[in-house]
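Okay, so here's the structure we're looking at.
Model, not experiment: these values are computed from the prediction.
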Amino acid sequence: QVQLVESGGGLVQAGGSLRLSCAASGRAFSSYDMAWFRQAPGKEREFVAAVRWSGGNIYYALYADSVKGRFTISRDNAKNTLYLQMNSLKPENTTVYYCAADQRAPRDRLDYGLTTHWGYWGQGTQVTVSS
């Protein structure tokens, strides 16, 4: 099992940047695929980015179209930490961000976008972007 704790959220002006972190505890962190989702009040939790890990390197990273070119997902297995670098933030990016983890290989890359694929979740960190 793995426990996930997000941090790094806060208040930032539009156009600014934040880096979210997700610290994982438990064994075999490097064997887990990892992802970021976000959820606004009254809305479905939506996919932001995911990273698949294989052979000691990032196998591939996936991004939602809305964040491509602005957000970057990365991980440091030595520190058991997942990151989300968010640049050029917009007020509509205001929401709670969650990290997720799972060891199961997806049947298809599209599975990464499904909340049902991910077995472990953090408690979330609030990001607020002011206009």
Does [Y] offer a backbone N or O that forms a donor-acceptor pair with the side chain of [X] under 3.5 Å?
{"X": "Asp102", "Y": "Gly119", "value": "yes"}
{"X": "Glu6", "Y": "Gly124", "value": "yes"}
{"X": "Arg70", "Y": "Ser88", "value": "yes"}

Legend entry - Stacked cation flag Arg38 on Tyr98, 6.0 angstrom / 45 deg: no

Legend entry - Arg52 to Tyr112 six-membered ring, cation-pi geometry met (6.0 Å, 45°): no

As an exercise, state the distance from [atom1] of [X] to [atom2] of [Y], rounded to the nearest 0.5 Å.
{"X": "Trp36", "Y": "Glu46", "atom1": "CH2", "atom2": "CD", "result": "14.5 Å"}
{"X": "Tyr120", "Y": "Cys22", "atom1": "OH", "atom2": "SG", "result": "13.5 Å"}
{"X": "Phe47", "Y": "Arg45", "atom1": "CZ", "atom2": "CZ", "result": "14.0 Å"}

Compute whether any side-chain donor of one residue and acceptor of the other, for [X] and [Y], lie under 3.5 angstrom apart.
{"X": "Gln3", "Y": "Ser25", "answer": "yes"}
{"X": "Ser17", "Y": "Asn87", "answer": "yes"}
{"X": "Asn80", "Y": "Arg75", "answer": "no"}

Inset, instruction - Show your working on side-chain contact (heavy atoms from CB on, under 4.5 Å) between Leu89 and Leu18 and close with a plain yes or no. - result: CA-CA 8 Å; Leu89 283 163; Leu18 278 177; 4.2 Å; yes

Inset, instruction - Could you tell me how the ring of Tyr97 sits relative to the ring of Phe71: parallel (under 30°), tilted (30 to 60°) or perpendicular (over 60°)? - result: tilted

Inset, instruction - State, with a plain yes or no, whether a side-chain heavy atom of Leu82 is found less than 4.5 Å away from one of Val51. - result: yes

Legend entry - Min side-chain heavy-atom separation Leu84-Val48 under 4.5 Å: yes

